[in-house]
Protein chains: 2
Amino acid sequence: MQKTTAAPAKFTHVQCGSCPIRHRAVCARCDTDELERLEETKYYRSFEAGQTIVWSGDRMDFVGSVVSGIATLTQTMEDGRRQMVGLLLPSDFVGRPGRETAAYDVVATTDLVMCCFRKKPFETIMLDTPHVGQRLLEMTLDELDAAREWMLLLGRKTAREKIASLIAIIARRDASLKLQSSEGRVVVDLPLTREAMSEYLGLTLETVSRQISALKRDGVIQIEGKRHIIIPDFDLLIEEAGDDSDGGFLV
Amino acid sequence: MQKTTAAPAKFTHVQCGSCPIRHRAVCARCDTDELERLEETKYYRSFEAGQTIVWSGDRMDFVGSVVSGIATLTQTMEDGRRQMVGLLLPSDFVGRPGRETAAYDVVATTDLVMCCFRKKPFETIMLDTPHVGQRLLEMTLDELDAAREWMLLLGRKTAREKIASLIAIIARRDASLKLQSSEGRVVVDLPLTREAMSEYLGLTLETVSRQISALKRDGVIQIEGKRHIIIPDFDLLIEEAGDDSDGGFLV
DNA sequence: CGGAGAGTTGACGACTGTCAAATCGTGTGG
DNA sequence: CCACACGATTTGACAGTCGTCAACTCTCCG
């Protein structure tokens with residue numbers, strides 16, 4: 001009731017046909033008839049940077065897609081240790097059909113707009129319009145692959161490699177969103193605080209800071225301000241990340 | 001061509017209706033008509049303990065379900081560091097519809113029987129019989145949850161907590177398979193070598209061995225032989241694992 | 001100007017990895 | 001039936017990475 005209602009930049013109703021995530025979201029495969037069905041059911045919600053969208057364990061009666069902004073999924077242990085387990089970018093899906101309560105904290109790290117459906121109607125839609133279920137399966141399989149890549153990072157990479165990997169991942173996503181290539185000189189803005197990076201990487205905030213400084217000192221990256229990063233040679237960064245040069249994917 | 005053909009215990013054709021994984025596998029929701037369709041397409045393959053089923057990057061022209069035995073999915077870095085990213089038990093699904101090549105090494109850690117489908121026919125089945133796609137989505141979402149739980153383990157737990165978690169996970173699965181409860185005194189056999197455990201947990205084999213010894217010394221577990229484990233008080237084990245007492249789930 | 005939040009840096013120590021050797025268990029050849 | 005070999009596991013000694021605690025800088029804002 002508090003801030004949730006007083007959200008930023010109220011999103012006016014957008015026609016699915018001109019939606020920015022139309023071709024990647026859960027609705028990507030829908031035909032015109034199916035879109036009409038979604039159109040009459042969907043609604044938009046906005047959240048401010050820093051705002052928690054749902055708490056782990058809380059009842060969650062909607063599902064939805066990130067339209068703009070970034071959100072994170074995080075798990076917390078009893079003693080407060082935290083591990084990020086999902087990084088949600090535009091077109092990513094939030095929530096699980098068939099589940100009552102949220103399994104993770106979902107937090108908006110930037111201002112965020114979501115295209116939502118109440119859970120029950122969405123479950124009905126999934127039964128009626130196979131294209132939604134098919135696309136959701138595809139997206140879930142992609143997320144599973146990303147999670148497994150992430151497990152390799154968490155289990156086996158050094159702090160330096162973790163940082164290099166994260167920068168590479170964000171740069172690749174950013175490039176693919178802007179339809180640019182990620183080769184040679186690449187520039188990115190980190191959408192995460194040092195703390196959020198540490199939660200992503202299974203490190204402490206201090207180690208993150210130190211390794212960023214080290215990569216900077218070694219010329220792998222250059223930094224302007226706190227968040228703006230210039231990668232003079234993307235291949236070098238990949239090498240530092242310990243990945244074989246070919247693709248890397250992500251949520 | 002070599003050992004692959006000379007597999008153990010040739011599985012004779014089993015009717016889906018009396019298949020041991022009938023109620024949990026990708027076919028769980030199928031009705032009689034649909035089963036008939038699967039029945040005429042499926043075939044069985046057997047593998048010996050230690051045998052690699054597919055190598056990462058290789059062409060993979062089938063998908064399938066584990067009928068009996070255990071397999072692992074593993075990623076390898078260029079310098080040889082390895083991280084397990086999936087532990088496949090009976091009823092778990094192997095392979096990804098719509099993908100040409102395997103993304104991970106798949107290895108049988110015990111003698112294994114799989115119920116297979118060539119990929120193309122399976123993709124057709126998925127389009128025709130919605131229950132298969134629906135069930136696969138459900139299973140994939142479960143796997144994603146398990147992967148995220150695993151990420152918390154890899155990123156934030158201590159070596160001791162990792163070992164306790166692994167034992168708890170295996171004990172829970174084992175209990176659920178045998179329809180027993182996992183409370184009070186529990187007994188399990190570890191189906192993994194110390195090395196496989198270390199690949200699961202993101203540790204070295206030596207650390208695994210040391211922490212198992214420590215848990216034994218502290219009375220959290222008792223050991224007979226190398227693999228047979230007695231847990232006098234399951235709640236105590238859970239406490240050592242750092243989990244909140246309620247559920248824990250897994251692939 | 002003071003304060004709060006984000007980020008950086010330093011000193012130190014603990015946990016876990018590395019290297020090496022010893023032990024246990026099982027299967028094979030003599 | 002026993003000795004030996006090999007793989008799996010355990011244990012020890014030591015080193016390095018990363019976490020902890022703490023001080024300090026920078027920027028933004030009231």
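Below, chain A is the first sequence line, B the second, and so on; all start at residue 1. Hydrogens, waters and symmetry mates play no part in the numbers below; they use all other heavy atoms, side chains included.
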At under 4.0 Å between heavy atoms, what does A/Gly202 touch on the DNA or RNA strands: base, sugar-phosphate, or nothing?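 A/Gly202: backbone/sugar contact only, no base atoms under 4.0 Å.
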Any residue meeting salt bridge (Lys or Arg N to Asp or Glu O under 4.0 Å) with [X], in chain and number order, not counting sequence neighbours:
{"X": "B/Asp218", "result": "B/Arg160"}
{"X": "B/Arg59", "result": "B/Glu100"}
{"X": "B/Arg96", "result": "A/Asp142, A/Asp145"}
{"X": "B/Arg82", "result": "B/Asp105, B/Glu199"}

Exam field: side chain B/Trp55 to backbone B/Ala102, donor-acceptor pair closer than 3.5 Å: no
Within this structure, what is the [atom1]-to-[atom2] distance between [X] and [N], rounded to whole angstrom?
{"X": "B/Leu154", "N": "C/dC15", "atom1": "CG", "atom2": "P", "result": "20 Å"}
{"X": "A/Lys216", "N": "C/dT8", "atom1": "NZ", "atom2": "P", "result": "8 Å"}
{"X": "A/Arg81", "N": "C/dC15", "atom1": "CZ", "atom2": "P", "result": "12 Å"}
{"X": "A/Ile163", "N": "C/dT8", "atom1": "CD1", "atom2": "C1'", "result": "14 Å"}
{"X": "A/Ile229", "N": "C/dG7", "atom1": "CD1", "atom2": "P", "result": "11 Å"}

Salt-bridge criterion met for A/Arg81 and B/Glu161 (N-O under 4.0 Å):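 Counted as a salt bridge, because a side-chain N and a carboxylate O are separated by less than 4.0 Å.
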Lys/Arg-Asp/Glu bridge criterion (N-O < 4.0 Å) met for A/Arg156, B/Asp79: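 No.
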Heavy atoms only: give me the nearest A/Trp150-A/Gly86 pair and the separation to one decimal. CH2-N, 3.5 Å
Dump every N/O contact between nucleotides 14-16 of chain D and the protein below 3.5 Å, one line per pair.
none

Tabulate protein N/O versus nucleotide N/O from nucleotides 8-11 of chain D, keeping only pairs under 3.5 Å, one per line.
| residue | atom | partner | partner atom | Å |
| --- | --- | --- | --- | --- |
| D/dT9 | OP1 | B/Arg227 | NE | 3.2 |
| D/dT9 | OP2 | B/Arg194 | N | 3.0 |
| D/dT10 | OP1 | B/Arg194 | NH2 | 3.1 |
| D/dT10 | OP2 | B/Arg194 | NE | 2.7 |
| D/dT10 | OP2 | B/Ser209 | OG | 2.7 |
| D/dT10 | O5' | B/Ser209 | OG | 3.1 |
| D/dT11 | OP2 | B/Ser213 | OG | 2.7 |

